[in-house]
Amino acid sequence: MQTSFTPQQLSDPHIAASEAILRKCVHCGFCTATCPTYVTLGNELDSPRGRIYLIKDMLENGRPADKEIVTHVDRCLSCLACMTTCPSGVHYMHLVDHARAHIEKTYRRPVLDRALRAMLAKILPYPARFRAALRLAAIGRPFAPLMRRVPGLKPVSAMLELAPRTVPPADNTSGPVAPSGEQRGRVALLTGCAQSVLDPGINAATARLLSRLGIEVVRNPAGEGCCGALVHHMGREDEALDAARRNVDAWTREIDQGGLDAIIITTSGCGTTVKDYGHMLRLDPDYAEKAARIAALAKDVTEYLVTLDLPVPAIEPGIAVAYHSACSMQHGQKVTRQPRELLGKAGFIVREPREGHLCCGSAGTYNILQPEISAKLRDRKVKNIEATEAAIVATGNIGCMTQIGSATAVPIVHTVELLDWAFGGPRPRRIPETLSIKPATMVAAE
Ligand code: SF4
Ligand code: SF4
């Protein structure tokens, strides 16, 4: 694609990076076929190619964002299916990140939208605040149907409906988990923010499994916090970079003190962001090198587990599991083989839902901010998952677990919980004991 930026515009490194991305796009439109918003809405401006044109026009003309571009960029899930499909290697993620930061700086949103976004940014990344908010949501839930009828309050209604009815007790354990037996490695485990509140059992299962495999697991090193993905996707660039710097410092201290073989991440949305720290902090001379080192060490838990020797599974084989590959896992991190391979080694029969490339509509805060498109994508995803007739759904992202779990009775668990169970750990709490194992499947007991 031809561009017409001036030399002065190109002296801004953000513009220069986006220009290089834009020039790679050859307008072929292959990406439209796999874009969930284009598939759902059928509007070219809600396709990757349409958004690329809008972003190009805004940046080339150096103008502030307007309502039209904000509407179509806000509808983008950042699922990155377009990047998997694109034959020309267009780095849509970095382009839309730049557009979102530009929108945040130049566009004044309506007051309710502004207030909601500010609230999400100030609550979700902080576990204590998020836990308190979930308790309040339980009180507000009866008003959700009423709020759904008021256009400006639809996101609040969606938030109340998504909040779990009960909040699991906090996991207050911290510090390193020693390896059982001979030590074979040392890793840091990102505790995360929303996941640690919604389901602390995921990180507990990860630490247990790694410990049994001989790996020392560092938890909660001083200074570690939210990876910054939530605010990054809202265009709040300064907050995202601050979060990244804080984590880079925390993990660098651990590397210096005891060495780290990997930084293990159990939420694929966070994994995509931490793996991008090198790019996010490339212009910060104090952090560029350290951030690149951290990004290179970041691994989804399944990427690390496939490198280890696994024992013989401790549960009867043959349970059918529908594997839902989160967008951030398959498109963001390109981790596709490892979760399936591990589930197979653990004795599960992996079933693939149709349209596996399409987003479930979770996408960070998307299911709150764009509840109508999100609900359509969720229902389509649930239909495809239920058609597999699997007894359990496995995925590697808490957002997808919450989204899909809100619309199906099929138990949905994190992949690592199934692996921990299969290799000697306890049954995941979401898998009821009333499930009975039959050869080649596992079905609800009559
Ligand atoms: S990131 Fe997803 S929703 Fe956004 S343009 Fe690409 S395919 Fe479409
Ligand atoms: S597939 Fe790639 S090159 Fe083709 S229109 Fe989409 S982004 Fe551009």
Side-chain angles (χ1 to χ4, degrees), residues 1-3 17-60 65 68-103 229-230 232-235 268-269 271-273 275-276 279 324-334 336 355-378 380-381 397 399-400 403:
M1 180 185 287
Q2 272 198 333
T3 58
S18 288
E19 196 249 10
I21 297 169
L22 289 167
R23 288 177 72 86
K24 281 195 166 182
C25 177
V26 295
H27 327 244
C28 65
F30 288 172
C31 52
T32 57
T34 56
C35 171
T37 54
Y38 182 73
V39 168
T40 305
L41 303 169
N43 179 350
E44 170 75 13
L45 294 179
D46 288 313
S47 77
R49 186 172 58 180
R51 292 186 179 109
I52 288 169
Y53 277 119
L54 289 172
I55 295 169
K56 174 180 183 285
D57 184 55
M58 174 177 73
L59 296 179
E60 268 180 351
E68 183 187 41
I69 189 164
V70 172
T71 299
H72 297 294
V73 170
D74 279 358
R75 284 185 192 156
C76 169
L77 296 129
S78 277
C79 69
L80 309 180
C82 47
M83 283 182 61
T84 298
T85 310
C86 177
S88 303
V90 172
H91 205 304
Y92 178 83
M93 178 173 103
H94 288 159
L95 185 68
V96 81
D97 285 348
H98 181 193
R100 289 202 163 108
H102 186 81
I103 287 171
L230 284 164
H232 189 49
H233 290 151
M234 286 195 268
S268 56
T272 306
T273 297
K275 287 181 177 182
D276 201 40
H279 175 82
H324 164 70
S325 187
C327 298
S328 41
M329 189 75 85
Q330 58 173 319
H331 304 305
Q333 299 188 53
K334 304 279 186 273
T336 53
E355 299 184 325
H357 63 283
L358 279 186
C359 182
C360 68
S362 165
T365 53
Y366 192 91
N367 46 8
I368 296 170
L369 297 170
Q370 299 284 340
E372 280 151 353
I373 304 171
S374 167
K376 283 187 184 148
L377 290 169
R378 179 201 61 204
R380 188 169 179 152
K381 180 62 69 182
N397 193 52
C400 308
Q403 173 83 344

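Since this is a predicted model, take the numbers as computed values, not measurements. Basis for what follows: all heavy atoms, side chains included, without hydrogens, waters or symmetry-related copies. Indexing begins at 1, ligand by ligand and atom by atom, following the structure's order.
- One of the N, O or S atoms belonging to C76 lies under 2.8 Å away from atom 4 (Fe) of ligand 1.
- Scanning the protein for heavy atoms near atom 8 (Fe) of ligand 1, the closest one is C35 SG, 2.4 Å.
- In terms of protein heavy-atom proximity, atom 5 (S) of ligand 2 is nearest to G29 N, 3.2 Å.
- In terms of protein heavy-atom proximity, atom 6 (Fe) of ligand 2 is nearest to C31 SG, 2.3 Å.
- Protein heavy atom nearest atom 2 (Fe) of ligand 1, with residue, atom name and distance: C79 SG, 2.3 Å.
- H94 and D276 share a donor-acceptor pair across their side chains, judged by distance under 3.5 Å alone.
- Between the side chains of S374 and Q403, at least one donor N or O lies within less than 3.5 Å of an accepting N or O.
- The shortest distance between side-chain heavy atoms of L358 and R380 falls below 4.5 Å.
- Proximity to C86 (heavy-atom distance under 4.0 Å) selects the following atoms of ligand 2: 1 (S), 2 (Fe), 3 (S), 7 (S).
- The line from CG of L369 to CG of D74 is 7.5 Å long, rounded to the nearest 0.5 Å.
- In this comparison of T84, T32, T40, L77, the heavy atom closest to atom 3 (S) of ligand 1 sits on L77.
- Of all atoms in ligand 2, listed by their number and element, those nearer than 4.0 Å to a heavy atom of P87 are 1 (S).
- With respect to T272, the side-chain contact (heavy atoms from CB on, under 4.5 Å) criterion is satisfied by exactly one of S78, C327, S328: S328.
- Here the protein heavy atom with the shortest distance to atom 4 (Fe) of ligand 2 is C28 SG, 2.3 Å.
- With a heavy-atom cut-off of 4.0 Å, M1 does not touch ligand 2 at all.
- One finds the CD atom of E44 at 8.0 Å from the OH atom of Y53 (value rounded to the nearest 0.5 Å).
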Worksheet item: When you look at L54 and E68, which way does the side-chain contact (heavy atoms from CB on, under 4.5 Å) test go after all the steps?
Response: CA-CA 9 Å; L54 289 172; E68 183 187 41; 3.9 Å; yes
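- Between E19 and R23 there is a salt bridge, with a side-chain nitrogen of the basic residue lying less than 4.0 Å from a carboxylate oxygen of the acidic one.
- Shortest contact from atom 7 (S) of ligand 2 to any protein heavy atom: I52 CD1, 3.7 Å.
- Under 4.0 Å from ligand 1, not a single heavy atom of Y38 appears.
- Atoms of ligand 2 found under 4.0 Å from any heavy atom of S88, numbered from 1 in the order shown, are 3 (S).
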